[in-house]
Amino acid sequence: MTPIIRVEQIADYVGQEVTVRGWVYNRTDKGKLVFLLVRDGSGFVQCVAFKGDLEPGLFDQIVRLPQESSVVVTGPVRADQRAPGIPGGFEVGVKQIEIVQAADEDYPMALKEHGVDFALDNRHLWLRMPSQWAILRVRATVISAIREWLDSNGFVGMDTPILTPAACEGTTTLFETPYFDEGKAYLAQSGQLYNEANIFSFGKVYCFGPTFRAEKSKTRRHLTEFWMVEPEMAFCDLDQLMELEEQFVGHIVQRVLKERTPELKSLGRDLSKLEKITPPFPRISYDDAVAMIDQMRAETDDPEQKELLKIEWGMDFGAPHETALTNRFEKPVFVYGYPTQVKAFYMEPWPGRPEVCKSVDLLAPEGYGEITGGSERISSPDLLVERLDQHKLPHEAFKWYLELRRFGSVPHSGFGMGVERTVSWMCGIEHIREAIPFPRTIKRVYP
RNA sequence: UCCUCGAUAGCUCAAUUCGGCAGAGCGGGCGGCUGUUAACCGCUAGGUUCUAGGUUCGAGUCCUAGUCGAGGAGCCA
């Protein structure tokens with residue numbers, strides 16, 4: 001019996017006869033010779049058919065086989081440097097071919113660049129293109145690496161609710177939905193507050209799921225529905241948080257490199273840049289970061305840059321600031337100690353400097369910007385009440401959250417990491433919408 | 001919410017500073033080719049130039065309004 005193989009393992013079958021099941025991605029016919037580039041989900045492999053090797057009539061069908069036709073191909077595997085594909089360098093000589101379905105001839109995705117609108121309208125088919133296939137394979141590995149590292153480092157996976165009663169952080173806009181007799185519920189934009197409850201039972205936890213933000217952001221870094229992993233730890237301060245984050249991110253990058261090199265290469269990613277991503281990561285304070293940006297602003301001659309890089313102590317960083325800052329580093333860089341006024345209500349103040357809080361963002365290199373945001377949380381019940389009042393947040397909604405500080409409060413910290421931004425950085429792609437199978441943006445909920 | 005840009009064949013795009021016959025490549029169809037890499041060669045079909053007005057002898061092109069989209073600011077992961 002001929003083994004049915006996956007293309008990603010084809011190197012193990014050189015010289016053997018195998019069966020490959022998949023779809024015709026491209027067809028090139030040259031008279032009595034035809035090349036089919038077949039994808040099977042695990043890779044792309046070239047299948048070569050000679051007219052003389054096949055039953056009369058069958059070759060004529062293959063020559064006319066439309067793109068995306070489903071086929072079962074059987075024949076010997078050969079190593080051949082000329083053969084394209086992913087991983088490439090191998091081909092299957094066609095001895096038998098079963099045409100499961102000859103696809104319709106009006107398949108809309110051409111083997112070349114498409115406009116954004118067209119590609120997104122056809123996302124259900126665009127997913128079949130090698131670039132999208134490669135990116136989403138990297139995404140799956142990023143997710144797997146996230147869970148693997150947390151699960152093997154004492155974290156307990158906790159699912160936090162997606163339907164929530166109110167804003168976790170009062171600032172951003174929420175999607176709302178009717179909720180029986182209770183009035184309205186809101187789609188979660190973070191599981192953090194629930195995780196702060198969870199740590200008092202489990203010590204170290206993480207939640208991982210979709211989050212929703214009705215922000216009217218229209219940039220290459222934003223989705224309205226995106227995936228976020230949020231670890232939270234009891235007995236953890238800001239320094240320990242940064243140590244943990246760099247181990248975590250380093251692990252994810254190295255595992256992607258180990259398992260997804262063919263995919264990254266097919267995307268044209270510069271692997272040497274990722275190979276450098278190992279702990280420790282540089283750490284700079286917000287104060288120093290402001291000074292660095294101010295200096296860069298003074299050094300640039302570009303008037304547009306000068307305007308974009310305007311900064312004063314107390315302002316949050318915009319994308320241009322982050323990009324300028326990270327361009328100075330080859331690794332992700334921690335920026336810690338942001339002004340209290342630009343951050344959420346629950347962040348622990350810096351000892352002796354109430355205008356600064358114990359927050360930290362991790363900014364990815366090559367212009368990819370913020371991939372994690374975290375902080376040490378306020379552990380004092382009195383201070384937390386004070387902050388709720390300052391932010392004009394209702395005590396009633398936060399009653400349960402305040403109780404966490406009354407029954408065994410401890411220093412604790414956590415962060416959130418955006419999966420799509422991380423995947424975009426790994427893959428070196430331009431736009432976050434390619435880092436999720438079916439992107440949701442302010443202008444798109446189809447398909 | 002603001003700024004900038006865009007919309008022409010199924011797709012990607014042309015169509016001359018300054019208005020004058022609607023074009024090419026890919027994809028489709030037909031034919032050719034035993035090593036193609038988004039193959040190549042020949043033939044062929046394919047158009048309400050986003051919508052509505054306006055200027056003009058004449059508008060894809062100029063003007064007005066609108067629709068849709070893009071990426072940037074703000075906000076954020």
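Residue numbers start from 1 in every chain, and the chains themselves are labelled A, B, ... in the order their sequence lines are given, proteins ahead of strands. This structure is a prediction, so every number in the text was calculated from the model and none was measured.
- Candidate nucleotides B:A70, B:A38, B:A77 were compared by shortest atom distance to the side chain of A:L111, and B:A38 ranks first.
- Mapping A:Q81 and A:L308 onto RNA chain B by nearest heavy atom places A:Q81 at the nucleotide closer to the 5' end.
- Neither OP1 nor OP2 of B:G27 sits under 4.0 Å from any side-chain N or O of A:R27.
- With both pairing distances under 3.5 Å, B:G60 is matched to nothing as a Watson-Crick or G-U wobble pair.
- Between A:E245 atom CD and B:A77 atom C1' there is a gap of 12 Å when expressed in whole angstrom units.
- Of the P atoms belonging to B:A70 and B:C30, the separation is 37 Å, rounded to the nearest Å.
- Rounded to whole angstrom, the span from the CG atom of A:D106 across to the C1' atom of B:A9 amounts to 15 Å.
- Here A:R220 does not reach the OP1 or OP2 of B:A73: none of its side-chain N or O atoms lies under 4.0 Å away.
- Judged by distance alone with a 3.5 Å cut-off, no donor-acceptor contact links the side chain of A:K443 to the base of B:A70.
- Atoms CG (A:D60) and C1' (B:C30) sit 14 Å apart, rounded to a whole Å.
- Listed nucleotides: B:C76, B:G29, B:A70. Nearest to the side chain of A:H222: B:C76.
- The side-chain ring of A:F226 is stacked on the base of B:A77, judged by centre separation under 5.5 angstrom and plane angle under 30 degrees.
- For A:K216 and B:C75, a side-chain-to-base donor-acceptor distance below 3.5 Å is absent, hydrogens and geometry of angles not being considered.
- Here A:H114 lies in heavy-atom contact (under 4.0 Å) with sugar-phosphate atoms only.
- Between the side chain of A:R421 and the base of B:C76, a donor-acceptor pair under 3.5 Å is found.
- Rounded to whole Å, the distance from OH on A:Y25 to C1' on B:A38 is 7 Å.
- A side-chain N or O of A:Y346 and one of A:Q192 form a donor-acceptor pair less than 3.5 Å apart.
- As a whole-Å value, the separation of A:D361 CG from B:C76 C1' is 10 Å.
- For A:L33, the side-chain atoms get nearest to B:U34 when compared with the rest of B:C76, B:U34, B:A73.
- Within the model, atoms CD of A:E230 and CZ of A:F415 stand 10.0 Å from one another, a figure rounded to the nearest 0.5 Å.
- Comparing the C1' positions of B:A14 and B:G6 gives a spacing of 16 Å, expressed to the nearest Å.
- Between A:F212 and A:Y186, the ring center distance fails the sub-6.0 Å criterion.
- Contact of A:S217 with B:C75 (side chain to base): a donor-acceptor pair of N or O atoms is detected under 3.5 Å.
- A donor atom on one side chain and an acceptor atom on the other are not found under 3.5 Å apart for A:Q341 and A:E355.
- Taking OG1 of A:T19 as the start and CD1 of A:I97 as the end, the distance is 11.5 Å to the nearest 0.5 Å.
- Looking at the side chain of A:R78, the nearest of the listed nucleotides B:C76, B:G35, B:A38 is B:G35.
- A donor-acceptor pair under 3.5 Å is formed between the side chain of A:R421 and the backbone N or O of A:E370.
- When rounded to the nearest whole Å, the span between CZ of A:R64 and P of B:C33 equals 13 Å.
- Using Watson-Crick or G-U wobble geometry with both donor-acceptor distances under 3.5 Å, B:A7 finds its partner in B:U67.
- Across all strands, A:P66 comes closer than 4.0 Å to no nucleic acid atom at all (heavy-atom distances).
- Comparing the same atom, P, in B:A45 and in B:A24 gives a spacing of 11 Å after rounding to whole Å.
- Base pairing of B:C2 is made with B:G72, judged by Watson-Crick or G-U wobble geometry with both donor-acceptor distances under 3.5 Å.
- Between the side chain of A:E91 and the base of B:G35 there is at least one donor-acceptor pair of N/O atoms closer than 3.5 Å.
- Listed nucleotides B:C33, B:C75, B:U36 differ in distance to A:E215; the shortest reach to its side chain belongs to B:C75.
- Here the nucleotide nearest the side chain of A:K30, chosen from B:U36, B:C76, B:U12, is B:U36.
- The side chain of A:T219 sits closest to B:A73 out of B:A73, B:G35, B:A70.
- Counting non-hydrogen atoms under 4.0 angstrom, A:D29 reaches a base of the nucleic acid.
- Between B:C63 and B:U4, the two P atoms lie 15 Å apart (nearest whole Å).
- Rounded to whole Å, atom P of B:C26 lies 17 Å from atom CD of A:E113.
- Remark: C1' of B:G28 and CG of A:L65 are 15 Å apart, rounded to the nearest angstrom.
- For A:D80, the listed nucleotide lying nearest its side chain is B:G35; candidates were B:G25, B:G35, B:U34.
- Within a 6.0 Å sphere centred on NZ of A:K443, heavy atoms belonging to other residues, nucleotides or ligands number 12 at most.
- Listed candidates were B:G35, B:A38, B:A77. Nearest to the side chain of A:L223 is B:A77.
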